[in-house]
Structure formats: structure tokens, C-alpha cells
Amino acid sequence: LLSKKPDIVYIPISQNKLAYLRDGIFIAISKIMDKKVLIHLHGSYFLDFYKGLGKFYKKFIDLTIKSVDGAIVLGQKLRYIFEHWLPAEKVFVLPNFIEWNLRSYNFDRNKNNKVTNITYLGNLLESKGIFDLLEAIKIVKASVDSKFIVNIAGQFSNDSTTGLSLEEHMIRFKSYLIELADVVNYIGEIREEKDKYELLKNTDIFVFPSWYRVEGQPLVILEAMSCGCPIISTRDVGVIDETVIDGVNGILIEKRNVNQLADAILMLIRDKEMRIKMGRESEKRFYELYTAGKHIEKFKEIIKVL
């Protein structure tokens, strides 16, 4: 602050106690030095986090958040989080974005492919819906004669939402892999962007049935949309239902509803024209709203009115 003398201090804030202590101190010091402060929340859990705190810590958050000049959230439905402290005109919406460095692939999803490729990409957490998906696949497998394959890519980690340990996750997941060995392909963690891009470009249906309590706007959904995938995901989780429009570029289901999930997958397996149409809508919506260029334009607009 002393050396750079910025006009505006931009602070992405956290949703846990220790990390926000740091963020709050940054806010306080910036305001003491008479700087404008713009905070940015990339999740959806901040107000719930606040409500679970003690009196002293709540007071610290009250003082720091009320002092900022603007707050950014991922979608319209999350504006209420900061409207708890700030007037509505100080709360701005700025969606996430993704930008691929590789655009050299030329894959035609409309070709006559006899196998429907279904993809899950993300952390293999119970609260991200991985076990809901595998349960739904059991139903799907028993209900269709057409061939399909489920490609699962991601890494294991402890799930703070459910308390399931890393070892318990892995044991449970492996049991599903054995039971569904003929239709489920576990890829593991994808480290290279080109491999992720190729997987999504070869995907007919992207499934991400998350009910993760701190979910914001999952980047994997934006990545899948950019590759022309129809999306099956959950409503009332972060801003997923502002990103995926039910019946337009995908299908939204209730959280943890395995039967609805299976029905949505079956619908898109059976109706190729529907999934192609939804995939095109996904790609169109992505380029209209979620590119780096669109993000920068909106960010500039926010800075101008701050």
C-alpha cells in the first residue's frame, strides 16, 4: 500500500475462520490508509459461515464488511449474502470464466457414434455427487439396451461436508468400480489441460450432481459448456441454476435424488437430438457469458462505478 499507492484494493475473501482473519485485517489496514476496497466471494457459504461464529468474531466481520466500497458475488441469487451488510448498489455480480490455451481440436460430436460417452470431472467427494452418480448408473444400466460408458476423472480427498475419510471414500468407490466394471472407466486425475479438453470434447453428456455446501460456480461446468456438452447438475447449489438453464442447455435435478439423476441420464441417452441441441446451447451460452473477455468487460464496469 505504501509503495504501490493503489486507488483500489481488490481482496478475494475466504469462508473460514483463520483465513478470513487475514482478509479482514487486509480490509482494515486498507481502509485506515483511506483506500477503496473491493471484495470478491468465489463461493456461496459466507453468510452461513458468519452465522455459526461467536459474538466477537461476528463483530469483526460486521466492522470490516460494512467498511468496504463494493462486494462481488458469482450470481444474482447470491447478492443477499452481502446485502446483509451493504446497500444493494454496492453488491455486484461477476460470473466465473475459463479460457483454454488449446483450440486445435476438431471433433464432430454429431458423428454416428454408437456408444454414448458420459463424463464426471471433479474431486471425488461424496458431496460432489460421485456416489449419487454411481447409484444412478446402476438404474441406467438396468434400463437401457444401448451402449454407454461413464468416464470418471478426478482425485480423492477428505470430505469435510460428510466426514467420510479418504480411505473410506476410496474403499467405497472401488466397490462401485468392481460392480460396474463394464460401464465405468476410472481415468484418475487429469493434470494436462489438453487431456481434459479432449475428454470433454468427446463427451456426450456431462454430469456433476454436486450438493457441496460451499459450492459457487463450478469451473468444470463452464469447461464442459465451452466444449458443447449438455449438463446434468443440481438446482439450489451455488449458482449452478443460473449457469445451467433447465431444459435449455441441460437438466437440473434435486440434490441427492438418485432417481431423478437416473431419469435425466436416461432421457439424454435415449434422445440424441435433445442432447445435441442442449450441447449447442451450452456452447452458445458459454461464449455469451463466461469467456475471459466477457469477465474483463464486466470487471471494468464494476471498477468504473466503485
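Quick caveat: nothing in here was measured; it's all calculated off a predicted structure.
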According to a hydrophobic-cluster definition based on side-chain heavy atoms being under 4.5 Å apart (Ile, Leu, Val, Met, Phe, Trp, Tyr only), do [X] and [Y] belong together?
X    : Y    : result
I81  : V93  : yes
L219 : V214 : no
I65  : L94  : no
L180 : V144 : yes
I302 : L78  : no

Do [X] and [Y] have side chains that get closer than 4.5 Å, going by heavy atoms?
X    : Y    : value
Y186 : L124 : yes
V239 : T243 : yes
I171 : E167 : yes
W100 : S226 : yes
L74  : S44  : no
V9   : K36  : no
I39  : L41  : no
F97  : K294 : no

Review point. Are more than 12 heavy atoms from other residues, nucleotides or ligands located less than 6.0 Å from atom CG of D7?
Key: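 12 or below, so no.
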Practice item. Using a cut-off of 6.0 Å, state whether more than 12 heavy atoms not belonging to K58 lie near its atom NZ. Key: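 Yes, because the 6.0 Å sphere around NZ of K58 holds more than 12 heavy atoms from other groups.
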Do you know the tightest heavy-atom contact between [X] and [Y]?
X    : Y    : value
I190 : A153 : CD1-CB, 3.7 Å
N16  : A19  : OD1-N, 3.0 Å
G250 : V244 : CA-CG1, 3.9 Å
A264 : I251 : CB-CG2, 3.8 Å
Y120 : V207 : CD1-O, 3.4 Å
A136 : V258 : N-CG1, 3.6 Å

Review point. With a 3.5 Å cut-off and no angle check, do the side chains of T234 and W211 form a donor-acceptor pair?
Key: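 Judged by distance alone, the side chains do not pair up.
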Review point. Between the side chains of N123 and Y212, is a donor N or O closer than 3.5 angstrom to an acceptor N or O?
Key: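 N123 vs Y212: no donor-acceptor pair found between side chains.
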Using a 3.5 Å distance criterion without hydrogens, assess whether the side chain of [X] forms a donor-acceptor pair with backbone atoms of [Y].
X    : Y    : value
E99  : T291 : no
D271 : M267 : no
E193 : N101 : yes
R79  : A88  : yes
K272 : I269 : no
D246 : L252 : yes
H295 : P95  : yes
Q260 : E254 : yes

Between [Y] and [X], is the closest basic N to carboxylate O distance under 4.0 Å?
X    : Y    : answer
K138 : E135 : yes
D132 : R256 : no
E189 : R191 : yes
R213 : D48  : no
D241 : K77  : yes

Practice item. For M278 and V248, run side-chain contact (heavy atoms from CB on, under 4.5 Å): C-alpha distance rounded to whole Å, both residues' side-chain angles, the deciding distance at 0.1 Å, then the answer. Key: CA-CA 6 Å; M278 285 183 170; V248 177; over 6 Å; no
Between [atom1] on residue [X] and [atom2] on residue [Y], distance to nearest 0.5 Å:
X    : Y    : atom1 : atom2 : answer
L86  : F92  : CG    : CZ    : 9.5 Å
L268 : I205 : CG    : CD1   : 4.5 Å
L200 : N117 : CG    : CG    : 11.5 Å
D23  : I61  : CG    : CD1   : 10.0 Å
C229 : F286 : SG    : CZ    : 12.0 Å
I118 : T203 : CD1   : OG1   : 10.0 Å

Practice item. Please test S146 against R270 for side chain to side chain donor-acceptor pair (under 3.5 Å), starting from the C-alpha separation and ending with a verdict. Key: CA-CA 8 Å; S146 54; R270 289 166 174 161; over 6 Å; no
Point to revise | Members besides L63 in its Ile/Leu/Val/Met/Phe/Trp/Tyr cluster (side-chain heavy atoms under 4.5 Å) | key: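 Other cluster members: none.
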Review point. Between F60, Y45, W85, which is the residue that forms a ring pair (Phe, Tyr, Trp, His ring centres under 6.0 Å) with Y50?
Key: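 Of F60, Y45, W85, ring pair (Phe, Tyr, Trp, His ring centres under 6.0 Å) with Y50 is met by W85 alone.
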**Study point:** Member of F156, F131, Y176 meeting the ring pair (Phe, Tyr, Trp, His ring centres under 6.0 Å) criterion with H169
**Key:**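 One option only clears the test, and that one is F131.
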Point to revise | Test side-chain contact (heavy atoms from CB on, under 4.5 Å) applied to N249 and E283, step by step | key: CA-CA 9 Å; N249 69 311; E283 191 169 9; over 6 Å; no
Validation: residues 26-35 side-chain donor-acceptor distances under 3.5 Å, sequence neighbours left out:
| unit_1 | atom_1 | unit_2 | atom_2 | d |
| --- | --- | --- | --- | --- |
| S30 | OG | F26 | O | 2.8 |
| K31 | NZ | K35 | O | 3.1 |
| K31 | NZ | D69 | OD2 | 2.8 |
| K35 | NZ | P6 | O | 3.3 |

**Study point:** Where at least one partner belongs to residues 219-230, residue pairs that pass salt bridge (Lys or Arg N to Asp or Glu O under 4.0 Å), sequence neighbours excluded
**Key:**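 The answer is K196-E223.
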Exercise for review: Run the numbers on Y290 and N96 for side-chain contact (heavy atoms from CB on, under 4.5 Å), then give the verdict.
Suggested key: CA-CA 6 Å; Y290 304 121; N96 278 332; over 6 Å; no
Exercise for review: Take E215 and F208 through the side-chain contact (heavy atoms from CB on, under 4.5 Å) test and state the conclusion after the steps.
Suggested key: CA-CA 12 Å; E215 198 77 81; F208 192 71; 3.8 Å; yes
Check your understanding: Can you check whether F46 and Y20 have ring centres sitting under 6.0 Å from each other?
Key ->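 Under 6.0 Å, so yes.
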Exercise for review: Pick out which of L121, I130, I187 makes a side-chain contact (heavy atoms from CB on, under 4.5 Å) with I152.
Suggested key: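 Of all the options given, the one that passes is I130.
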